[in-house]
Amino acid sequence: MDEKVPTLFAQEHAALKNSQSAINVLTSYGELEKEVAPFVEDFVSQLSNKKYKGIASIENIVAESYGHSDSSPLVAAHGMRWLKSLQPKSKE
């Protein structure tokens, strides 16, 4: 799959290499999106393998039994919960 997205990784932003960036990456696709799945999985794999200092976390959501359009509400809810889990716990 590397031949499909070579320019994507050629355009690396400086923030990716800065350990102070703390970038959180969320990707998703519906399980029924058979054509898209390999590309998203390859992208996530390449991004993870590059071990950028600026990326704090990577989350990939596969919405089981969903396609492209109908997975949006599920992914939005999961994404919000994921972002909340990344917040420091408050001492009350």
Side-chain angles (χ1 to χ4, degrees):
M1 293 266 167
D2 289 343
E3 70 278 356
K4 300 291 184 185
V5 287
T7 57
L8 182 63
F9 289 102
Q11 300 176 26
E12 296 172 334
H13 192 278
L16 289 169
K17 297 177 182 179
N18 182 344
S19 60
Q20 300 299 309
S21 296
I23 299 166
N24 297 306
V25 179
L26 174 68
T27 60
S28 68
Y29 62 91
E31 179 184 38
L32 302 178
E33 295 182 88
K34 301 295 185 198
E35 316 81 41
V36 172
F39 294 102
V40 176
E41 294 294 335
D42 186 52
F43 171 73
V44 171
S45 176
Q46 286 187 56
L47 194 59
S48 296
N49 289 339
K50 288 196 172 277
K51 299 188 186 328
Y52 290 114
K53 293 177 184 176
I55 295 181
S57 61
I58 300 173
E59 177 81 3
N60 183 32
I61 301 168
V62 179
E64 293 182 27
S65 302
Y66 286 89
H68 182 73
S69 299
D70 57 347
S71 66
S72 297
L74 176 72
V75 170
H78 184 88
M80 294 300 286
R81 188 173 347 127
W82 172 66
L83 286 173
K84 184 170 178 14
S85 76
L86 297 176
Q87 298 298 310
K89 306 294 184 234
S90 63
K91 297 179 183 178
E92 294 180 12

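In what follows, every heavy atom counts, from backbone to side chain, and hydrogens, waters and symmetry copies are set aside.
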Is the backbone N or O of S45 less than 3.5 Å from a side-chain atom of N49, with the two atoms forming a donor-acceptor pair by type?
yes

Between L86 and I61, is there shared hydrophobic-cluster membership here, with clusters defined by ILVMFWY side-chain heavy atoms closer than 4.5 Å?
yes

Enclosure of K53 NZ (heavy-atom neighbours >12, cutoff 6.0 Å)
no

Does the side chain of N60 come within less than 4.5 Å of E41's, by heavy atoms?
yes

Rounded to the nearest 0.5 Å, what's the gap from CG on D70 to CG on L32? Could you check?
7.0 Å

Common cluster, V44/W82, ILVMFWY with side-chain heavy-atom separation under 4.5 Å:
no

Starting at NZ of K17, measure out to CD1 of I55 and round the result to the nearest 0.5 Å.
11.5 Å

S21 to G54 - nearest heavy-atom pair and separation:
CB-O, 3.7 Å

What is the distance from atom CD of E12 to atom NZ of K50, rounded to the nearest 0.5 Å?
5.0 Å

Under 4.5 Å between side-chain heavy atoms, hopping through other hydrophobics if needed: is there a path connecting I58 to L16?
yes

Does the side chain of Y29 come within less than 4.5 Å of V62's, by heavy atoms?
yes

Polar side-chain atom of S71 near backbone of Y66 as donor-acceptor pair, under 3.5 Å:
no

Distance check, rounded to the nearest 0.5 Å: H68 atom NE2 versus E35 atom CD?
11.0 Å

Is there a path of hydrophobic side-chain contacts, each under 4.5 Å between heavy atoms of I/L/V/M/F/W/Y residues, joining L26 to L74?
no

Do F43 and Y52 belong to the same hydrophobic cluster, where Ile, Leu, Val, Met, Phe, Trp and Tyr are linked whenever their side-chain heavy atoms lie under 4.5 Å apart, directly or via other members?
yes

